[in-house]
Amino acid sequence: MDFFHTIFELYSTRSAYFLELFIQHLQLSITAAVIAAVIGLTAGICISGTKAQQPVIAVANAIYTIPSISLLGFLIPFSGIGATTAIIALIIYGIMPVLRNTCTGLTTVNKAVIEAARGMGSTDLQILLRIKLPLASPAIITGLRNMTVMTISLSGVSAFIGAGGLGAAVYRGITTNNAAFTVAGSLLIAITAITADCLFGLIENYLTHKWRLIK
């Protein structure tokens with residue numbers, strides 16, 4: 001109990017410090033998540049159902065297995081130390097879940113529905129916008145959900161290259177052997193990720209229910 005009291009006291013006395021780190025963390029996470037979502041969705045739509053789908057996803061999976069610290073170290077000579085390198089790394093990691101789920105969602109749309117729409121004179125663009133994307137939206141939202149939670153969590157590592165964020169509190173706690181700082185930073189990262197996961201969960205449940213009604 002004394003330890004948790006120390007953490008809450010730390011939040012109270014250093015509220016401005018943690019608020020600044022929290023804002024930095026959100027800036028890193030949101031910037032990377034938005035860019036990764038745009039790239040992943042666009043690439044997923046373009047390669048879905050084509051011969052390029054499996055090779056591209058295989059390459060994305062291979063990149064996804066690279067440890068975050070290693071990827072940051074690889075990028076530093078090209079983009080330097082700081083937020084830019086952290087955002088690039090987070091984007092690289094974030095693309096794969098969105099890309100994979102977009103391809104999965106689009107390729108599993110009922111072909112009979114597509115053929116019926118095409119028989120009624122719908123163009124490929126109309127089929128994509130009015131049928132494929134709405135029906136694939138639950139899978140796409142799941143990819144966005146996983147990517148956002150992962151991005152928020154991985155943003156904590158960005159502090160090790162001077163990008164700021166809540167990971168700075170964790171890093172400070174580790175380097176000064178201050179467990180309270182380490183837990184305080186980690187706890188805020190976890191709460192932020194869980195909150196984002198819950199919000200996407202509500203959206204996903206709504207779209208899944210709507211998708212089942214359409215089917």
Side-chain angles (χ1 to χ4, degrees), residues 25-66 68 71 75 84 86-155 192-215:
H25 201 92
L26 285 184
Q27 289 174 338
L28 285 172
S29 302
I30 292 174
T31 301
V34 170
I35 297 174
V38 172
I39 296 174
L41 282 169
T42 303
I45 291 171
C46 291
I47 68 173
S48 175
T50 67
K51 294 181 179 179
Q53 178 175 329
Q54 292 304 321
V56 171
I57 291 179
V59 171
N61 284 332
I63 295 175
Y64 192 68
T65 61
I66 300 174
S68 56
L71 182 59
L75 291 173
T84 300
I87 290 172
I88 292 173
L90 292 172
I91 291 171
I92 292 173
Y93 278 116
I95 289 174
M96 197 279 287
V98 181
L99 173 66
R100 182 177 57 193
N101 280 53
T102 300
C103 289
T104 300
L106 291 176
T107 54
T108 54
V109 172
N110 194 325
K111 291 182 173 55
V113 176
I114 298 175
E115 291 302 322
R118 187 170 283 115
M120 295 175 65
S122 297
T123 64
D124 289 339
L125 181 60
Q126 289 174 328
I127 291 173
L128 174 65
L129 296 178
R130 298 179 181 178
I131 297 175
K132 285 187 174 181
L133 286 177
L135 292 178
S137 59
I140 294 173
I141 290 295
T142 299
L144 292 172
R145 178 182 184 179
N146 294 337
M147 179 270 292
T148 302
V149 173
M150 179 202 68
T151 300
I152 292 172
S153 300
L154 282 179
S155 293
T192 305
I194 291 171
T195 302
D197 183 62
C198 291
L199 290 175
F200 270 99
L202 294 174
I203 298 173
E204 184 180 355
N205 289 337
Y206 169 77
L207 292 176
T208 301
H209 176 69
K210 186 176 181 180
W211 177 66
R212 286 173 180 171
L213 291 179
I214 294 174
K215 288 183 69 178

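Everything numeric here is computed off the predicted structure, so don't read it as measured data.
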Atom pair [atom1]/[atom2] of [X] and [Y] - distance to nearest 0.5 Å:
X	Y	atom1	atom2	value
Ile45	Leu129	CD1	CG	8.0 Å
Lys132	Ile114	NZ	CD1	4.5 Å
Leu28	Leu154	CG	CG	12.0 Å
Leu128	Leu133	CG	CG	4.5 Å
Thr42	Leu99	OG1	CG	10.5 Å
Thr31	Leu26	OG1	CG	10.0 Å

Does any part of the side chain of [Y], heavy atoms only, come nearer than 4.5 Å to the side chain of [X], both counted from C-beta?
X	Y	answer
Asn101	Ile140	no
Ser155	Thr151	yes
Ser48	Thr102	no
Ile152	Asp197	no

### Step-by-step side-chain contact (heavy atoms from CB on, under 4.5 Å) determination, Cys198 to Leu202
CA-CA 6 Å; Cys198 291; Leu202 294 174; 5.8 Å; no

What side-chain donor-acceptor pairs closer than 3.5 Å can you find for residues 89-96, not counting sequence neighbours?
| from | atom 1 | to | atom 2 | distance (Å) |
| --- | --- | --- | --- | --- |
| Tyr93 | OH | Ile66 | O | 2.2 |
| Tyr93 | OH | Pro67 | O | 3.1 |
| Tyr93 | OH | Ser68 | N | 2.9 |

### Message
I'd like to know whether Arg118 forms a side-chain contact (heavy atoms from CB on, under 4.5 Å) with Asp124, so could you lay out the CA-CA distance, the side-chain angles of the two residues, the decisive distance to 0.1 Å, and finally the verdict.
### Response
CA-CA 8 Å; Arg118 187 170 283 115; Asp124 289 339; 3.4 Å; yes

Considering all heavy atoms, the nearest [X]-[Y] contact:
X	Y	result
Lys51	Pro55	O-CD, 3.2 Å
Thr108	Gly105	OG1-O, 3.2 Å
Gly49	Thr107	N-CG2, 3.7 Å

### Summary
Across all chains, not counting sequence neighbours, the side-chain hydrogen bond (donor to acceptor under 3.5 Å, both in side chains) partners of Arg100 are none

### Message
Is it the case that atom CZ in Arg130 sees more than 12 heavy atoms from other parts of the structure closer than 6.0 Å?
### Response
no

### Query
Looking only at atom types and distance, does a side-chain atom of Ser122 sit under 3.5 Å from a main-chain N or O of Ala117, one as donor and one as acceptor?
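Yes; at least one donor-acceptor contact below 3.5 Å.
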
### Task
Could you pull out all residues at least two apart from Ala37 that satisfy side chain to side chain contact (heavy atoms under 4.5 Å, CB included)?
Leu144, Met147

